Amino acid sequence: MTQTAPPPVQQPVAALGGRPADAPAERSVRTIVSPLALAGRRGKVTYWSVFALVVVLFAFAFLFPVYWMVTGAMKPPEEVVRTPPTLVPEQWQVTGYTDAWDLMRLPTHLWNTVVQATGAWVLQIVFCTAAAYALSKLKPAFGKVILGGILATLMVPVQALVVPKYLTIADMPLIHVNLLNDPLAIWLPAVANAFNLYLLKRFFDQIPRDVLEAAEIDGAGKLRTLWSIVLPLSRPVLGVVSIFALVAVWQDFLWPLMVFSDTEKQPISVALVQLSQNVPLTVLIGAMVIASIPMVLMFLVFQRHIIAGISAGSTKG
């Protein structure tokens, strides 16, 4: 007796598009303007016109204050305070910069700032990196409790720590040394940076354990692994931490004002305020332009590391 084959099972068809109902649905793209509207010539022209307008507006908003500051120092003092102001100097002159360099003793104060920022950066890189590596890879006892206590300091307002820090610097515990008017008064408090420490730890957590185990098999110790394996892989985040460390010291005002009563040892941020009472406005603007140049150059040097540090968190081992 011949058996007939059962009819093929038909898949239910979706109401629209003729696609089987159990097939995975395509991910829909939701945008302000539909791709169909952008495909036309009018849509492309509108899109790129709006895009160019937004870019120009943002560039103007960020660059115009810089232009105003740079050209303001090249105007005569009476032209700076004129109403309405002039966008382009009527008389170009560089005496605002030369007088600022001489009258406000910028070389001395810039050198003080460089010494303070460099020392704080070096100590912060060394100690924060070591602490982050220990908390991330060495797993010390009560490591989570220690990390929680460090992160808890981020919740304390900076102003609330000024008086305790000042009393500590004025009379160091145990050794009873006064560090006022000394670069150590800037270096030591800068080392205890909970944010940079946590940033380094989170980056170290993403380094694959297999890489460190391979170094241990080859006979590398903990310190050798940190120097030869972890630090070369951490160049992006070290660049970001360096930016944060240097900028924090360079632009700080309240703490250097409290610990440096000697005007010859004050950084540029304090000197600009202390000496601004007896100089023309153009000289003060020129001094601010000169004081901002090192930070701009530092950003140009570290910009590649900053961009790499932003995308480093998306890499999985």
Side-chain angles (χ1 to χ4, degrees), residues 58-59 62-63 66 110 113-138 143-144 146-158 161 183 186-209 211-212 215 222-223 225-256 267-269 291-317:
F58 270 89
F62 283 100
L63 297 181
V66 178
L110 284 173
T113 310
V114 169
V115 171
Q116 297 167 17
T118 303
W121 166 64
V122 171
L123 293 178
Q124 194 170 141
I125 288 293
V126 171
F127 287 98
C128 286
T129 301
Y133 176 71
L135 293 173
S136 175
K137 298 303 180 183
L138 303 184
K144 293 183 178 181
I146 296 174
L147 180 62
I150 294 174
L151 296 180
T153 60
L154 295 175
M155 310 302 166
V156 182
V158 178
L161 300 176
I186 302 294
W187 297 350
L188 296 182
V191 173
N193 192 306
F195 178 78
N196 287 344
L197 189 150
Y198 182 71
L199 189 65
L200 289 166
K201 180 188 178 300
R202 292 297 300 171
F203 187 90
F204 293 162
D205 290 340
Q206 297 178 1
I207 298 178
R209 184 64 186 176
V211 178
L212 304 182
K222 302 298 183 183
L223 185 59
T225 302
L226 173 63
W227 180 261
S228 301
I229 304 297
V230 176
L231 291 184
L233 294 176
S234 305
R235 289 178 181 176
V237 72
L238 290 177
V240 175
V241 170
S242 299
I243 287 287
F244 290 161
L246 292 173
V247 171
V249 177
W250 197 275
Q251 68 180 7
D252 193 12
F253 171 75
L254 178 59
W255 181 244
I268 190 67
S269 59
S292 62
I293 291 177
M295 288 292 98
V296 175
L297 295 178
M298 184 187 66
F299 173 78
L300 295 177
V301 171
F302 286 101
Q303 62 175 340
R304 182 171 59 88
H305 298 285
I306 296 174
I307 297 173
I310 294 174
S311 60
S314 60
T315 305
K316 294 183 179 180

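Every value quoted in this text rests on a predicted model; they were computed, and no experiment measured them. In what follows, residues are counted from 1 in the order of the sequence shown.
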Next on the checklist: What I'd like to find out is whether the side chain of Val115 reaches to under 4.5 Å of the side chain of Trp187, using heavy atoms alone.
Outcome noted: yes
Item to check | Atom pair NZ/CD1 of Lys137 and Ile207 - distance to nearest 0.5 Å | outcome: 6.0 Å
Checklist entry - If we only count heavy atoms from C-beta on, is the Val230 to Thr129 side-chain gap below 4.5 Å? => result no
Checklist entry - How long is the span from the CD1 atom in Ile243 to the CG atom in Leu238, to the nearest 0.5 Å? => result 12.5 Å
Next on the checklist: So for atom CH2, which belongs to Trp121, do other residues, nucleotides or ligands contribute more than 12 heavy atoms lying within a distance under 6.0 Å?
Outcome noted: no
Checklist entry - Any side-chain heavy atom of Arg209 sitting closer than 4.5 Å to one from Leu212? => result yes
Checklist entry - Taking all atoms of both residues into account, what is the closest heavy-atom pair of Pro232 and Trp227, and its distance? => result CD-O, 3.4 Å
Checklist entry - Taking all atoms of both residues into account, what is the closest heavy-atom pair of Ile186 and Pro256, and its distance? => result CD1-CG, 4.1 Å
Checklist entry - side-chain hydrogen bond (donor to acceptor under 3.5 Å, both in side chains) between Thr113 and Trp250: does it pass, once the steps are laid out? => result CA-CA 7 Å; Thr113 310; Trp250 197 275; 6.0 Å; no
Next on the checklist: For the CZ atom of Phe204 and the CG atom of Leu233, what is their distance to the nearest 0.5 Å?
Outcome noted: 9.5 Å
Item to check | Nearest-0.5 Å distance that lies between atom CG in Leu246 and atom CE in Met298 | outcome: 5.0 Å
Item to check | Side chain to side chain, Ser242 and Ile125, heavy atoms closer than 4.5 Å | outcome: yes
Which pairs would a plain distance check flag for residues 191-200, meaning a side-chain donor or acceptor within less than 3.5 Å of a matching protein atom at least two apart in sequence or in another chain?
{"from": "Asn193", "atom 1": "OD1", "to": "Phe195", "atom 2": "N", "distance (Å)": "3.2"}
{"from": "Asn193", "atom 1": "OD1", "to": "Asn196", "atom 2": "N", "distance (Å)": "3.0"}
{"from": "Asn196", "atom 1": "ND2", "to": "Gln124", "atom 2": "OE1", "distance (Å)": "2.4"}

Checklist entry - At their closest point, which heavy atom of Leu135 faces which heavy atom of Lys201, and how far apart are they? => result O-CE, 3.9 Å
Item to check | Minimum heavy-atom distance between Ser269 and Phe253, given as atom pair plus value | outcome: O-CD1, 3.7 Å
Item to check | Nearest heavy atoms of Leu254 and Asp252, plus distance in Å | outcome: N-OD1, 3.7 Å
Checklist entry - How would you list, by chain and number, every residue that makes a side-chain contact (heavy atoms from CB on, under 4.5 Å) with Val158, sequence neighbours excluded? => result none
Checklist outcome for this item: Here the pair of heavy atoms bringing Met295 nearest to Val247 is SD-CG2, 3.8 Å
